Q: 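Before we start, here is the structure in question, set down as structure tokens.
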Amino acid sequence: MSALLDVDDVARSFGGVRALDGVSFRVDEGEIVCIIGPNGAGKTTLFNVISGVMRPSKGDVRFRGRSVVGMPSHRIAAAGIGRTYQVVRPFSRLTVLENVMVGALLHERGLAPTRRTAATILEAVGLERFADAPAESLTLTQRKRLEVARTLAIRPKLLLLDEVMAGLTPTEADAMCAFLRTLHEQGIAAIGAVEHVMRVVMSISHRIVVLDFGKTIAQGTPAEVSADPAVIEAYFGATP
Amino acid sequence: MRLILLSRAVAGAVAVAVLGWAAPAPIAAADQPPIVIGATISETGSYAVDAKYALEGYQLWIKEQNAKGGLLGRKIELKTYDDASDPATAVNLYERLIDQDHVDVIVGPYSSAITAAVANVAEKHKMPMISPEVSAAAPFKRGLRYLFMGIAQSTHYVEGVIALAKANGYKRIAVTGEDSAFPRSIAGALPDLAKAAGLDIVYSELYPHNASDYSAVTQKIKQANADALFSISYFPDAIGMLRALKSANVPLKLVYFAVGPSEPNFGKEAGKDADGVLATTNWSANLKTPNNGEFARDFAATYHSAPDYHAAANYSALEVLGAAIARVKSLDQEKLRDQFANTKMQTVMGSYEVDPATGLQLGYTSLTLQWQGGKQYIVAPPAMAERKPIAPFPAWSAH
Amino acid sequence: MTDRRIAASVAILALCAILPPLGSGYVQSVFYIAVLYIALAYGWNVIAGYGGYLSFGQVTFFGIGAYAVALGVTQLHLPWLLCAFAGGAIAAVLAVPLGYLMLRLRGPFFALGMLGLAQTTRIAAEAAPFTGGSAGIYLPPGSNTLPAYYWTLAVLALAMGMTLWVDRSTFGLRLRALRADERAAGTLGVDVTRFKVMAFVISAIVPGLLGGGYAWYLTYVDPASVFSTHIELQTVAMVILGGVGTYWGPFVGGALMSQVSQSLGARFPQGHLMIFGGLIVALLIALPRGIVPALTAALARRSARA
Amino acid sequence: MHPELAAQLTVDGLLLGGVFALAALGLNVIFGVTRIVNLAHGEIIVLAALCAAVVFQRFGITPIELLPAEFIAGALLGAILERLVFRRLPPDPAGAETTSLLLAFGVAYFIVGFSLAVFTGDFRSVAYLTSSWQLGPISVGQSRFVAFVAALAIAGALAVLLRSTALGRGLRAASQNVEGARACGIDIGRMRTISFALGSGVAAAAGGLVSMIYAVNPDSGSQLTLLAFSVVALGGLGSYAGTLIGAAILGVAVSFGGFLGSAQIGQLIPYVIFIAVLLFRPSGILGKSAT
């Protein structure tokens, strides 16, 4: 089986500071991969590179075998990569429904069908009651759900989830994990970026990539990674 | 429904506002309503500099005339609006003066651009209009019947200065100025005038309106080894150019700035650097024209500053207008038009006479003035000179 | 709601079509200026209001339209209406590369870059060999107010129609999304550049078409009066007053300001700019989204209580 | 080209750059801390220049003697503007940028109207230090030289203020990371007020000096704003050294472009360079690149 996403030796620096330094990993169809790393490890930069917001200084990103480097982000979106942002910021002055419609427009023509599709997605994430409310009026948790909903509307094959777990209560985190599992069941692959090693994360991930200062310090199955000395050193100190 | 209500309210308000204005102004109950003269003045915007004088020129004539009992036994009133130096606003306001304020006669605004647009309105309403501020010939070459030039043609502006350059043997002349209609009309005439006088144009280039700096132009004048500078400048660019010339120490024997330094203010803003600067004016307090002394005295007494030629030009336009009304004893626009076209008369500016076919001014001539010791003196033509011109232009270090 | 908007717009436009011929030349010229500025305001509102790119240089296209008529009529002896159409077409064609270039700038860079562009075009028109330079171009004199007015009114109808379309179309939705967050819109599949440029082109066509009517109305064109910062700033102020990015904003702001500046400005030339400036600042602070959204919100609150 | 001429054009360009830098420094101070481009900047310069001209003509006080007073008055005006107007921006960042531009536009409109009401449309200027020094074949205009030195001094003073004082640290913190600065107990609101005061004070001081070089009227402001912005954009927003270098580059480019090309080219160079540089290097020549 060929890889859905192939990140190949990607580097990116800002004015001499290397935010990413030779990162390589792959994601297969339907797989859930977690990128773990502290704040500043380069997770968001990695997402920016994959989603076409930034070009890598070096290396290649291939999606379904085709390089997406240099492609404008809307074409990457159309190819099937969706992403959410760490700082959730819905489109202000648009309603909740309209926010989702923006993504749904990728596959629909005309306002009416787009609206119907968007409404279905809103229902799926449980925001249908707020459809006509201004997006700014949602709570943080609701905004995160909206963020995921509008990204799902582009019908991605691969979802990049930037810190979706951050700030969630354990119950909400469990709900998010359940949600990721449903994605997996629908054949949608996902890359989640998280700051801390969380048990829930370990339980749903097929594979884990650990980033530190822009470098991959470990990758493998959750079991392999938890046993990796470098990870233990970085995350658990002396006592695993 | 809300929006429809709102939009109805707005539409209603607009209609009321517009149509309300369109209703005829209530006519005063007096037996003899005043004769109303209408015009716009560029009180704001890019032409605002000379507006004060233009307005005061109009006002002074009306005040004097009313003191003499008005015209046709009626008082005279002035109705002006600010056109913000914008042609479309001016067109709108002339329509307003004519249609709504029902002014009896109109006189012209400032600047070629605005006059060109307004002349079309005058033509439509068949109301003759003397333009006291437009000296460029182009607006008069469109076959308009009701437009008359109330000031000397711009091609005359430099004659006195050319003669001065020739007399002193300043053969190498540099030409510059603002790239707009009026300076262009002079700069365009200069090659022929220079050739006729045996002078060589060694540099010629116009700079854009609102130029951010003049030092590059100044350097080119210096490199061209020019003896004489003909810079067709308004007020701000004359100051900017003068500063840049002095800063770069350009050795010139003659410095001419067209109309900028004809303003009394120039001496105040330029200080001692003004000394020796030549300019063109169309009026002087020393002109031996009828009532000129009285005009200058009254103006100074009323407005606490000496008049400049804009004031005189606007004043003279009303002199011509007043004489025409007195002669035809009515406000018949067609008869007034014929008067404007055919009258030859003396005003404070000199002899008014136009080409009846085009309205181009033939009578008025320009004067050359020079700043000497912080004051303006007429130095050419010789017949009207108050002082001898200082030549060559004093060294910059002597300022 | 959209149907009501259409009905109201048609009613207003019909009123504007019927009234002027009944009035004097003055009434006609008042209508002309009001409709001209309202239409300019609608044009500006698409890129600035819906697209979020404040431009201080759309007057560039106005000037181009004016020169299309001036040159077409005097040099090529074509009918002015044809030239006025051509002016809009030229503006649209030029707006595509200019949009691709300039819309890479953002916020103040775009706003002031466009101001610089307008100045550049003005100076180019002054220096170019074929424009008649700073001396300007004289068109044949004539009674052009009503023809110019109806042309302008037609452009206003077009501009309102396009705004309505923007407001209710998928294009408008994408535009509003990219105004709020360009990057997120991009990763959600919105071709940001393409839609920005489209909005820019609409905002260029409107002044491009209007410029020709202006040239015909004035019968004289020179670079300083058609690439005028005064026209640009007046338009911007109008949209701000009425409400940026709303359907009725340009209309209310334009109607209000062209009326008030004509009555106030002609009488208190110096003071009225100060009043306007103060009004703009006060309105932006008190009603950050302009008069129209505030009124709509107030009306909505009232009907909710009733 | 003759080397003497090239030297003269370079000197002219650098001196002109001094004027540009003066106009631009204040704009950059305000932008650096508040991310607001104060479109009324040119209007403040003009207002100060008009005041300087009137004071000189009435009382004979030269713009240089007036400089401290101008700075203080400008600073007061800036502080008032920030407190009264620019403080009231909406919280969402996309909206704040647009609204701040619109607000500044309104303020500029207001100042033009105010200046017209007080000073009329007359052009004013100060005839002081109009001579030049002759250094061999090169002439150096005195007022331009003073403006040049003042620009360097102001840029230097700003650099010292920002680097070595507590206030400067606060301003820098506020400009780099609002949340972080707030967490460290820095009063962001106060820093914004101070930046407006500082920037407008510098603008007013610049206005006093500009009055010795050009004649201005209330309508001259937008031109200056555009020029100042071109310099700031070229040099990099938030960088004072960048402003000086950007101003010098533009000054020399205008000087040579105006001489070798035409007056029109000289006039257009600042915009063309500004747009070209932004398209290829959006952060300016010395600006920090955006992350």
Side-chain angles (χ1 to χ4, degrees), chain A residues 44 47-48 50-54 71-95 97-115 118 134-136 146-156 159-160 162, chain C residues 1-3 5 45-46 48-53 100 103-104 106 164-199 243-247 249 287-290 292-294 296-297 300-301 304:
Chain A
T44 298
F47 279 12
N48 282 342
I50 298 173
S51 61
V53 169
M54 269 171 202
M71 257 194 210
S73 53
H74 69 272
R75 288 197 38 216
I76 295 178
I81 300 180
R83 79 165 284 190
T84 67
Y85 289 85
Q86 181 177 3
V87 181
V88 281
R89 218 169 55 205
F91 298 122
S92 57
R93 300 212 216 172
L94 266 64
T95 64
L97 182 71
E98 283 174 329
N99 263 272
V100 181
M101 284 169 71
V102 173
L105 276 173
L106 196 53
H107 299 285
E108 302 285 357
R109 284 183 177 277
L111 277 179
T114 313
R115 199 172 284 133
E136 298 105 302
L146 175 59
E147 181 88 5
V148 174
R150 70 180 190 185
T151 312
L152 280 179
I154 72 168
R155 296 192 212 150
L159 203 51
L160 312 178
D162 202 349
Chain C
M1 179 148 127
T2 309
D3 292 341
R5 280 185 185 178
N45 195 33
V46 174
Y50 290 90
Y53 278 76
Y100 271 104
L103 288 163
R104 292 170 63 182
R106 288 188 186 201
L164 210 54
W165 172 70
V166 168
D167 225 27
R168 61 186 298 201
S169 67
T170 58
F171 168 68
L173 182 60
R174 289 178 168 116
L175 208 54
R176 288 188 295 142
L178 76 86
R179 169 181 67 185
D181 188 341
E182 243 174 65
R183 200 159 61 167
T187 48
L188 287 177
V190 176
D191 186 345
V192 170
T193 311
R194 185 175 141 215
F195 290 106
K196 284 197 294 198
V197 171
M198 270 172 75
V244 180
T246 62
Y247 179 69
L287 317 169
R289 288 180 188 180
V292 169
T296 336
R301 273 199 302 277

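What you see is a predicted model, and the numbers here were worked out from it, not measured in a lab. These numbers come from the heavy atoms of this one structure, side chains and all, not from hydrogens, waters or symmetry mates. Within every chain, numbering begins at 1; the chains are lettered A, B, ... in the order of the sequence lines, protein sequences first and strands thereafter.
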Q: Specify the closest pair of heavy atoms between C:Asp181 and A:Phe91, including all atoms of both residues, with the distance to one decimal.
A: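 So the two residues come closest at O-CE2, 3.5 Å.
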Q: Any idea which heavy atoms bring C:Ala184 and A:Arg150 closest together, and the distance?
A: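 Closest approach of C:Ala184 to A:Arg150, heavy atoms only: CB-NH2, 3.6 Å.
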Q: The test is side chain to side chain contact (heavy atoms under 4.5 Å, CB included); show your working for C:Val190 and A:His74 and say whether it passes.
A: CA-CA 5 Å; C:Val190 176; A:His74 69 272; 5.6 Å; no
Q: Return the set of residues passing side chain to side chain donor-acceptor pair (under 3.5 Å) with C:Tyr53 (not counting sequence neighbours), or none when no residue passes.
A: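 With neighbours one apart ignored, the set is C:Glu182, C:Lys196.
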Q: Which heavy atom in A:Ala77 sits nearest to a heavy atom in C:Gly186, and how many Å separate them?
A: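 A:Ala77 and C:Gly186 have their closest heavy atoms at CB-O, 4.2 Å.
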Q: If I compare all heavy atoms of C:Leu188 with all of A:Thr151, which pair ends up nearest, and what's the gap?
A: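 C:Leu188 and A:Thr151 have their closest heavy atoms at CD2-CA, 3.7 Å.
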Q: Kindly give the heavy-atom pair with the smallest separation between C:Ala180 and A:Ser92, and that separation in Å.
A: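 Answer, listing the atom of C:Ala180 first, then A:Ser92: CB-N, 3.6 Å.
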Q: Using only non-hydrogen atoms and a strict under-4.5 angstrom cutoff, which residues of residues 101-110 of chain A touch chain C?
A: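 The residues closer than 4.5 Å to chain C, in numerical order, are A:Met101, A:Val102, A:Gly103, A:Leu105, A:Leu106, A:Gly110.
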Q: Minimum heavy-atom separation for C:Val244 and A:Arg93, please, with both atom names.
A: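 It is O-NH1, 4.2 Å.
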Q: Is there a side-chain contact between A:Leu94 and C:Leu173 in this structure, where contact means two heavy atoms from C-beta onward sitting under 4.5 Å apart?
A: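 Counting from C-beta outward, A:Leu94 and C:Leu173 do come under 4.5 Å.
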Q: Give, as side chain, backbone, both or neither, the part of C:Thr193 having an atom under 4.5 angstrom from any heavy atom of chain A.
A: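 No part of it gets close to chain A.
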Q: Which residues pass the side chain to side chain donor-acceptor pair (under 3.5 Å) test with A:Glu136, not counting sequence neighbours?
A: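 For A:Glu136, no residue satisfies side chain to side chain donor-acceptor pair (under 3.5 Å) once neighbours in sequence are set aside.
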Q: I need the single residue from A:Thr84, A:Val53, A:Asn48 that forms a side-chain contact (heavy atoms from CB on, under 4.5 Å) with C:Thr187. Which is it?
A: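 That would be A:Val53; it is the only one of A:Thr84, A:Val53, A:Asn48 passing the side-chain contact (heavy atoms from CB on, under 4.5 Å) with C:Thr187.
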Q: Among pairs that include at least one residue of residues 164-178 of chain C, which meet salt bridge (charged side-chain N to carboxylate O under 4.0 Å, His left out), considering only residues two or more places apart or in two chains?
A: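 Listed by first then second residue: A:Glu98-C:Arg176, C:Arg5-C:Asp167.
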